[in-house]
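One structure is given here, and the rest of the page talks about it.
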Amino acid sequence: MTAPITVTVDLAERSYPIHIGEGLLERAADIIPSIKGKKLFIVYDRNVEPHVARLKKSIGDAPSLALEGGEKTKSYAHLTQVTDWLLSNHVDRKSILFVVGGGVIGDLGGFAASVVLRGIPFIQVPTTLLAQVDSSVGGKTGINTSQGKNLIGAFYQPQAVLCDTDTLKTLPDRELKAGYAEIVKYGLLGSREFYEWLEANGKDVLSLKPASLKHAIETSCKMKAEIVGDDEREQAGGNRALLNLGHTFGHALEAAAGYDGRLLHGEAVSIGMVLAFRLCVKMGICSGQDATRMENHLKSCGLKTEISQISPALSQSPADLVALMSHDKKASAGKIGFILVKGIGQAFQSSDVDMALVETTLKSAI
Ligand code: GLY
């Protein structure tokens with residue numbers, strides 16, 4: 001077994017490692033020796049039971065709670081279920097909660113860890129590509145409410161992140177592609193060089209060729225770690241908001257689809273990034289060549305790039321989608337926050353966008 005690659009999220013006393021590699025679950029206790037002697041708990045997506053069994057080979061038979069993996073699990077009811085379960089199993093302040101699954105379980109489990117006993121340590125074990133390159137890193141935790149996604153939550157950093165690439169072998173192809181969209185996002189927002197590497201090697205990443213896969217995850221985690229290290233709480237003027245490239249459009253599409261499984265988060269981000277580039281072309285700040293180039297790459301990897309590809313079709317008009325954008329938590333004082341681009345690898349934030357152009361951009365994709 002090769003040694004894991006380790007990327008550090010540098011946050012002073014709250015710094016933590018992200019370990020990336022094959023066969024890490026069976027070696028969890030050696031890779032994270034600080035768990036020794038602690039009372040351990042596991043909350044997990046019931047679809048990843050076999051990976052939990054691998055983890056238990058290393059850390060022992062800790063009390064475990066299985067949950068459904070869909071977006072509906074990010075609810076108050078499930079938060080209560082997790083915290084009640086921890087309390088009735090006599091969790092203490094030194095206990096460690098392993099959170100095993102994709103972004104849904106990661107966000108819910110992390111939020112439960114942040115509130116139970118006013119905060120216990122937790123370890124993220126992301127089992128989807130999207131969670132490995134984005135949601136498990138950076139401490140955003142939370143649940144959805146009827147008003148929208150992620151509106152209740154906390155910034156609460158894990159003790160460690162364990163990205164075992166073997167978990168991706170059992171991931172449905174659609175989810176793998178959705179996670180890949182978030183990898184492309186890093187190139188588009190801040191590194192033309194990484195984006196060009198993805199154009200050349202994306203197919204190898206998607207077919208899980210070990211060296212390419214690990215390079216893509218490591219580069220994404222390094223870029224995220226650097227951004228989070230400089231701007232942990234997404235402050236005005238900081239760079240964390242750049243991670244939301246494609247998300248203003250994407251969140252509106254997800255809300256329109258009603259989180260019913262028609263549109264995965266990464267798929268919404270893929271369409272959203274295409275729309276963000278098209279908007280910037282219309283604004284005259286980005287070249288049409290760059291917009292076509294990124295769109296072609298996403299298409300060639302089998303990702304959705306048009307709203308018209310969502311099936312069954314959305315019933316909302318472009319004006320309805322614009323209205324949904326104003327509910328996004330990045331909207332402030334009536335202004336909708338956008339991440340714009342001057343080209344591939346050059347993203348910046350702005351709330352100064354002509355909404356008529358946004359509506360025209362949406363029309364072009366329906
Ligand atoms: N997924 C965006 C962030 O972590 O800030």
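In listed order, ligands and their atoms are each counted from 1.
Within a 6.0 Å sphere centred on NZ of Lys299, other residues, nucleotides and ligands contribute more than 12 heavy atoms. No more than 12 heavy atoms of other residues, nucleotides or ligands lie within 6.0 Å of CD in Glu193, so this atom counts as exposed by the packing criterion. Atom CD of Gln81 has more than 12 neighbouring heavy atoms from other residues, nucleotides or ligands inside a 6.0 Å radius.
Heavy-atom proximity to Arg240, at under 4.0 Å, picks out these atoms of ligand 1: 3 (C), 4 (O), 5 (O). Numbered from 1 in the order shown, with element, the atoms of ligand 1 that lie under 4.0 Å from a heavy atom of Leu243 read 2 (C), 3 (C), 5 (O).
Residue Lys224 has at least one nitrogen or oxygen atom sitting less than 3.5 Å from a nitrogen or oxygen atom of ligand 1, judged on distance alone. Distances between N or O atoms of Lys140 and those of ligand 1 include at least one value under 3.5 Å.
Summarising the contacts of atom 1 (N) of ligand 1 with Asp134, Val228, Leu130, the nearest heavy atom is found in Asp134.
Relative to the ring axis of Phe348, Lys342 places its NZ or CZ within 45° and under 6.0 Å from the centre.
A donor-acceptor pair shorter than 3.5 Å can be found between the side chains of Thr170 and His51.
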